[in-house]
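Presented below is the structure to which this report refers.
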Amino acid sequence: MRPSWDEYFMEIVDLVKERSTCLRRKVGALIVKDRNILTTGYNGSPRNCAHCVDIGCLRQQLKIPSGERHELCRASHAEQNAIVQAAMHGISIKGSTMYITCQPCSICSKMIINAGIVRLVFKGEYPDSLSIQLLQEAGIELIHFDKK
């Protein structure tokens, strides 16, 4: 059976996450507008910096729980990287949809809101209730993807 557009893009974002260099959680993000892929992103260290898969995870060493102390991490989140890619290449993402393999954190949610993304399709949960609250308050259409 032919996949819906959401199923199609969620399959692609599952492949994008495989580029992640995070030892704790692989996340992929995809920004789409008018059924065209604009940018992709996955979580990993900044350009020209060592990756956690090569030098170890600071968050694991410090025993930091998931969803806390985001500043103590070498990696940028997948959502951040997808938004930054658009900015680097002069691509407007206003009015777009973002597909993510995991619920965004509150930091990424604020970036999603301010970037003008209007629809968010995501799988999974993330221990950050402020994230969903901010997205709902901003009027972002939220689709918790559950492939049947």
Side-chain angles (χ1 to χ4, degrees), residues 1-46 49 51-54 56-87 91 93-148:
M1 188 161 112
R2 189 172 185 204
S4 70
W5 285 108
D6 284 347
E7 290 169 337
Y8 173 72
F9 290 124
M10 288 305 282
E11 287 288 326
I12 293 170
V13 82
D14 271 334
L15 179 60
V16 171
K17 80 176 183 184
E18 294 305 317
R19 291 282 308 153
S20 170
T21 58
C22 180
L23 295 170
R24 293 176 97 181
R25 182 190 309 252
K26 290 182 179 287
V27 180
L30 187 69
I31 300 177
V32 173
K33 188 171 184 180
D34 300 326
R35 298 182 181 155
N36 291 298
I37 297 170
L38 303 178
T39 64
T40 65
Y42 53 87
N43 54 330
S45 296
C49 294
H51 293 284
C52 297
V53 293
D54 299 323
C57 174
L58 176 63
R59 293 176 62 78
Q60 279 182 328
Q61 294 165 9
L62 297 174
K63 297 178 177 34
I64 298 170
S66 182
E68 297 179 15
R69 304 293 313 269
H70 298 286
E71 75 279 6
L72 295 176
C73 181
R74 297 186 63 78
S76 294
H77 288 187
E79 304 91 323
Q80 295 167 0
N81 283 326
I83 291 168
V84 167
Q85 285 300 310
I91 300 168
I93 56 176
K94 183 178 181 182
S96 65
T97 295
M98 180 178 273
Y99 293 85
I100 317 170
T101 58
C102 183
Q103 174 191 317
C105 72
S106 56
I107 295 169
C108 289
S109 292
K110 290 182 265 186
M111 290 181 70
I112 289 165
I113 293 163
N114 285 344
I117 294 167
V118 297
R119 185 170 180 265
L120 190 62
V121 182
F122 65 95
K123 291 193 283 189
E125 305 289 331
Y126 191 74
D128 187 341
S129 58
L130 179 59
S131 163
I132 297 298
Q133 179 186 340
L134 288 168
L135 292 163
Q136 289 173 333
E137 184 179 332
I140 306 296
E141 180 184 355
L142 300 176
I143 309 295
H144 196 175
F145 185 81
D146 184 18
K147 187 175 179 183
K148 295 175 176 148

Backbone N or O of [Y] within a donor-acceptor pair of the [X] side chain at under 3.5 Å?
X: K94; Y: G116; value: no
X: R19; Y: G28; value: no
X: T39; Y: A82; value: yes
X: D128; Y: G67; value: no
X: R59; Y: P65; value: yes
X: N36; Y: D34; value: yes
X: N43; Y: R25; value: yes

Inset, instruction - Using the test salt bridge (Lys or Arg N to Asp or Glu O under 4.0 Å), find all partners of K17 that sit at least two apart in sequence or belong to another chain. - result: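 Per chain and number, K17 pairs via salt bridge (Lys or Arg N to Asp or Glu O under 4.0 Å) with D14.
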
So, using side-chain hydrogen bond (donor to acceptor under 3.5 Å, both in side chains) as the criterion, who are the partners of [X] when residues are at least two apart?
X: R24; answer: none
X: R69; answer: E71
X: S76; answer: none

Inset, instruction - May I ask you to test the T21-C52 pair for a side-chain heavy-atom distance under 4.5 Å? - result: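 In short, these two side chains do not touch, never coming nearer than 4.5 Å.
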
Inset, instruction - Report the relative orientation of the aromatic rings in H144 and F122; use parallel for angles under 30°, tilted for 30 to 60°, perpendicular for over 60°. - result: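 Parallel: the ring planes of H144 and F122 meet at under 30°.
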
Inset, instruction - State which residues pass side chain to side chain contact (heavy atoms under 4.5 Å, CB included) with M111; sequence neighbours excluded, sorted by chain then number. - result: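 With neighbours one apart ignored, the set is Q80, I83.
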
Let me have the donor-acceptor pairs involving side chains of residues 129-142, under 3.5 Å, with sequence neighbours excluded, atom names and distances please.
{"residue": "S131", "atom": "OG", "partner": "P104", "partner atom": "O", "Å": "2.6"}
{"residue": "S131", "atom": "OG", "partner": "S109", "partner atom": "OG", "Å": "2.8"}

Inset, instruction - To the nearest 0.5 Å, tell me how far L30 CG sits from I12 CD1. - result: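 If we round to the nearest 0.5 Å, L30:CG and I12:CD1 are 6.0 Å apart.
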
